[in-house]
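Data block below; observations after.
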Protein chains: 2
Amino acid sequence: MKASPAGRLFTEIVLEVFKLSGQLTAEGDKLTQDVQMSSARWKVLGALGRAGNPMTVSDVAHSMGQSRQGVQRLANEMVELGFIALADNPQHKKAKLLLLTDKGVDVLQQLEQKQLPWAEACAQGIDAEALQITLDTLRKLERKL
Amino acid sequence: MKASPAGRLFTEIVLEVFKLSGQLTAEGDKLTQDVQMSSARWKVLGALGRAGNPMTVSDVAHSMGQSRQGVQRLANEMVELGFIALADNPQHKKAKLLLLTDKGVDVLQQLEQKQLPWAEACAQGIDAEALQITLDTLRKLERKL
DNA sequence: CAAATATTGACAACTTGTTGTCATACTCTA
DNA sequence: TAGAGTATGACAACAAGTTGTCAATATTTG
C-alpha cells in the first residue's frame, strides 16, 4: 500500500506540529520566566481567563486536551502562588471551582501585552487567508483523532 | 494595543498546535505500545529512517527541534534494545553515528504500515490544497520562531 | 432507599524533555 | 603549535505530563 498525496501531507503536518509545539513552549517559557510563570502555567491560567467563569480542574483539563492530574498539579501550584483561588462548588463538595485572583488577572494581562506584539510579528507577512485555512484544517484534524 | 486579525488567528493556531501535539502523541503511543516503542522513540527512529544515512545525536536532535540530551537518552535506550547501532564516526571520536539495525528497519516498517491507513483516514475529507497550505504555513511560522 | 457506577483530589511511579555541569575531543586562529 | 572556543557524551536535577490506585463524594439505576 502506498501513501496518497493527502496521507503524505498529513504525516508531514504531524511532524511539523511536534516541532512547532516544542518551539512554542520554549518561547512561552522565555516570555513568562520573570513573573513566576511558565508555558504550562500560562496555558492553565489562560484557559481560565478565556472561559471567563470559574471552572473545575476537570473542565480546564478537558478544554486543554490534557489529563486531569497534570492540570491539578499546575493548579495547586498556582493556588499556592496566589494566581488562582478556590471557591466552593454548589454542585460538588470535593470539586472546588478555580477562579483567577486579582493577581492572576494582572499577570495574565501582562503576559497578553507581551505576547501581542510577538504574535503580530510572527503573523507578519503571512496571508490572513492562509492562517484561517491553517486553523480550520488543524481543528478538523483534531476532531478526527 | 489591540490584536490584528492575523495576530488573533496566530494565537488560536498556537493553542491548537498544543492540543494537537498532545493528542497525536497519545495516538502514537497507542500505535507503538506493543513493539517496545513509544511516540518519543518513534520520532527518533523515524528521523533516522527519513534521513537515510547515519547521523549523530546532535543531527537528529536538530532535525527534530529538540534538545541534544533528550535525544541522547532515547537513542541510548534504543541501542540497548537493539533498534539502533553505533558506528565509528571518522569525523569525531566521541560522537558516534547512529544507524538503524535490521530490527530497527523492521519495526519502522511495521509502524509505517500501521500508520498509513490511519493517516489516510485522518486526511480523508480534507481538501489536499488546504493540507498543503497548512503545512506551508506551519513551516513559515516555525521559521519565524 | 440501596447498590452499582462515575467523578474527584491526593499520592506515587513513570516517561518525556529541558537545562546545567563536567571532562573529553575537536576546530580554528594567532 | 599552543590556546581559545566549540561540540560531545555522561550524569544529575528539574519541569511537564501520563497512568494507576485509593478514599471520598455524586449520580444513576433497580
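So that the names make sense, note that chain A is the first sequence line, chain B the second, and so on, each numbered from 1. When reading the values below, keep in mind they use all heavy atoms of this one structure, side chains included, and skip hydrogens, waters and symmetry mates.
Applying the ring-ring contact (aromatic ring centres under 6.0 Å, His included) criterion to F83(B), with sequence neighbours excluded, gives no partner residue.
Remark: the Q132(A) side chain and the D136(A) side chain contain an N/O donor-acceptor pair separated by less than 3.5 Å. A donor-acceptor contact closer than 3.5 angstrom is absent between the side chains of Q33(B) and D29(B). Looking only at atom types and distance, the side chain of D106(B) has a donor-acceptor partner in the side chain of Q110(B) under 3.5 Å away.
Contact annotation: Q72(A) side-chain N/O to dA10(C) OP1/OP2 distance is under 4.0 Å. The phosphate of dG9(C) (OP1 or OP2) has no side-chain N or O of N76(A) nearer than 4.0 angstrom.
Within a 6.0 Å sphere centred on CG of D102(A), other residues, nucleotides and ligands contribute 12 heavy atoms or fewer. With a 6.0 Å radius and a threshold of 12 heavy atoms from other residues, nucleotides or ligands, D34(B) has its CG atom above the threshold.
The separation between H92(A) atom NE2 and dA6(C) atom P is 14 Å, rounded to whole Å. Rounded to an integer number of Å, the gap from NZ of K30(A) to C1' of dT18(C) is 13 Å. The separation between M55(A) atom CE and dG9(C) atom P is 13 Å, rounded to whole Å. A straight line from CD of E27(A) to P of dT18(C) spans 14 Å, rounded to a whole angstrom.
Boundaries of the chain B contact region on DNA chain D are dT8(D) to dC11(D), first to last in 5' to 3' order (nucleotide atom under 4.0 Å from a heavy atom).
Within residues 37-54 of chain A, no residue has any heavy atom closer than 4.0 Å to DNA chain C.
Within the nucleic acid shown, S58(B) comes within 4.0 Å of sugar-phosphate atoms alone, with no base atom in reach, counting heavy atoms only.
Comparing S67(A) and K94(B) along DNA chain D, the residue whose closest nucleotide (by nearest heavy atom) sits nearer the 5' end is K94(B).
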